[in-house]
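Please read the structure below before turning to the comments.
Below, read A as the first sequence line, B as the second, and so on, with proteins coming before strands; counting in each chain starts at 1. Worth knowing before you read on, the calculation uses all heavy atoms, side chains too, and leaves out hydrogens, waters and symmetry mates.
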Amino acid sequence: MEKKLSVAERQEVDRQLAVLQRGVAEILPAADLEKKLIRSVKTGKPLKVKLGLDPSAPDIHIGHTVVLNKLRQFQDLGHLVQLVIGDFTGRIGDPTGKSETRKQLTEDEVKENAQSYADQLFLILDREKTEIHLNSRWLSSLDFSAIVDLAAKTTVARMLERDDFSKRYHSGQAISVHEFFYPLMQGYDSVALESDVELGGTDQTFNLLMGRQLQPHYDQEEQVIMTMPLIEGLDGVKKMSKSLGNYIGIQEQASEIYGKSMSIPDDLMVKYYELVTDISLEKLGEVKKGLAEGTLHPRDAKMALAHQLTAMYHGEAAAEEAEAGFKRVFQERSLPQDIPAVPISSADLEDGEIWIVPLLAKLGLVASNGDARRMVKQGAVKIGEEKVTDVDARIALTEGMIVQVGKRKFAKVTMGS
RNA sequence: GGAGGGAUAGCGAAGUGGCCAAACGCAGCAGACUGUAAAUCUGCCGGCUCUGCCUUCGUAGGUUCGAAUCCUACUCCCUCCA
């Protein structure tokens with residue numbers, strides 16, 4: 001048994017625990033985390049904290065940041081982050097959720113994606129305390145007997161406990177044998193890296209536990225599992241994901257981050273505050289209380305959230321500007337500052353005039369001519385201050401004319417030749 | 001190896017000879033309202049030279065005055081039995 005902790009060491013462990021427990025869905029098992037932290041504090045050896053990344057989608061959105069922020073906290077406490085890019089795993093396709101066969105990535109694409117990941121991740125993570133690994137390094141060299149050996153460490157019954165496997169099994173949907181290897185491979189990553197902790201979304205619980213189950217077979221101490229809540233996207237219902245298009249990318253423009261943040265349902269605000277911003281627990285409490293008691297206007301709370309998020313990725317100045325732009329367009333209903341200028345060729349004009357329908361299409365404000373007609377009929381089109389409701393209208397173009405469709409789409413006409 | 005089920009608009013899902021550019025739901029867009037691009041309500045939601053025309057219902061042929069609907073072949077997906 002270990003030596004008794006000094007008072008200072010005990011305090012340090014408690015401090016770390018307090019930080020790490022915030023906003024977490026589950027720690028499995030909680031006691032093990034404490035045990036590992038105690039050892040780390042005593043020996044000065046950092047914990048190895050692993051996160052697996054999908055190799056095919058290197059677009060980081062704020063849904064990912066829930067986990068990344070937690071990793072950053074580990075780093076700030078002196079621990080080491082191991083990022084695993086599942087380049088090998090990606091060839092099989094994670095059966096989690098919708099199973100669609102993924103296209104196999106070439107080595108170059110993987111490298112490119114890894115670089116792209118790095119660029120984005122280091123907006124949040126500390127480069128000095130981060131290792132990046134490709135799991136093909138250890139997985140591609142396993143031979144068949146090693147694989148059989150690995151597969152023998154778990155059972156079919158255990159596999160079928162996994163939520164989506166069990167659902168598919170009972171509803172008579174196909175489960176390919178190779179899909180069972182996905183959790184095994186992810187678990188083996190932990191073995192290869194001797195991870196102390198693995199993070200993931202709550203939907204990853206099963207896969208994360210697999211690493212924990214495998215490690216003792218390879219004479220390693222089991223890793224601790226930390227799952228983070230999944231965050232709903234802009235629609236407020238479905239998990240934020242790129243494929244659903246309901247996400248806020250951390251590399252998006254400041255005005256986009258601000259605007260998209262403003263479009264989340266009110267009910268989601270507190271969760272966003274809690275999981276994707278770094279405001280203090282006290283402030284979080286104030287916001288919650290203010291909203292509950294009606295002393296804080298939901299709009300103001302959301303604007304503060306949007307501001308905060310924008311500032312995290314673009315800095316305070318850009319956040320100010322995005323906020324001013326938002327107010328200008330949506331609250332004062334006036335024009336934004338940066339209206340794209342689109343050239344219209346004089347060849348398209350007849351006597352200096354052009355029909356409204358093709359004009360909107362040429363300006364890129366509508367998807368098709370039919371769409372243009374619809375917009376006009378619905379009263380969505382404005383030229384300058386004038387609303388245009390006549391589908392047959394012919395417009396006398398002038399340089400710098402502002403054309404607006406709906407609330408958000410603007411274009412400025414410039415005369416090309 | 002055998003038997004069966006399926007492929008419909010961005011997604012899900014009706015439709016089984018004419019009333020089908022195709023119900024309905026979701027997503028999307030617009031308008032009204034507002035507290036914001038929240039919520040709610042209303043409308044739109046294949047293309048076009050738009051009271052009409054053109055191209056779509058896995059792919060290619062065929063039957064018919066007329067096909068998403070019937071026939072033939074093919075492709076892909078799924079299930080069950082062995």
Which whole number of Å gives the distance between the P atom of U69(B) and that of C81(B)?
33 Å
Select one nucleotide: of A37(B), A38(B), G35(B), the one nearest the side-chain heavy atoms of P265(A).
A38(B)
Nearest-Å distance once atom C1' is located in both A22(B) and U8(B)
9 Å
What is the distance from CE of M375(A) to P of G43(B), rounded to the nearest Å?
16 Å
Nearest-angstrom distance, P atom, G15(B) to A7(B)
11 Å
Shortest non-hydrogen contact from E316(A) toward A311(A)
OE1-CB, 3.9 Å
Side chain of R374(A), base of A30(B): donor and acceptor closer than 3.5 Å?
no
Mind checking the P distance from A23(B) to A38(B)? Whole angstroms is fine.
26 Å
In sequence, state the C-alpha distance, the side-chain angles, and the governing distance for S190(A) and E198(A), and then conclude on side chain to side chain donor-acceptor pair (under 3.5 Å).
CA-CA 8 Å; S190(A) 293; E198(A) 180 165 9; 3.1 Å; yes
Rounded to whole angstrom, note down the C1' distance from C20(B) over to G46(B).
14 Å
Taking N and O atoms by type only, does the side chain of Q378(A) place a donor or acceptor under 3.5 Å from a partner on the base of G43(B)?
yes
C50(B) base to R373(A) side chain: any donor-acceptor pair below 3.5 Å?
yes
Please list, by residue number, the residues of residues 381-396 of chain A whose heavy atoms come closer than 4.0 Å to an atom of RNA chain B; answer none if no residue qualifies.
none
Pick one: which of Q223(A), H133(A), K48(A) meets side chain to side chain contact (heavy atoms under 4.5 Å, CB included) with L193(A)?
H133(A)
Taking the minimum atom-to-atom distance to the side chain of S368(A), which one of G47(B), G31(B), C29(B) wins?
G47(B)
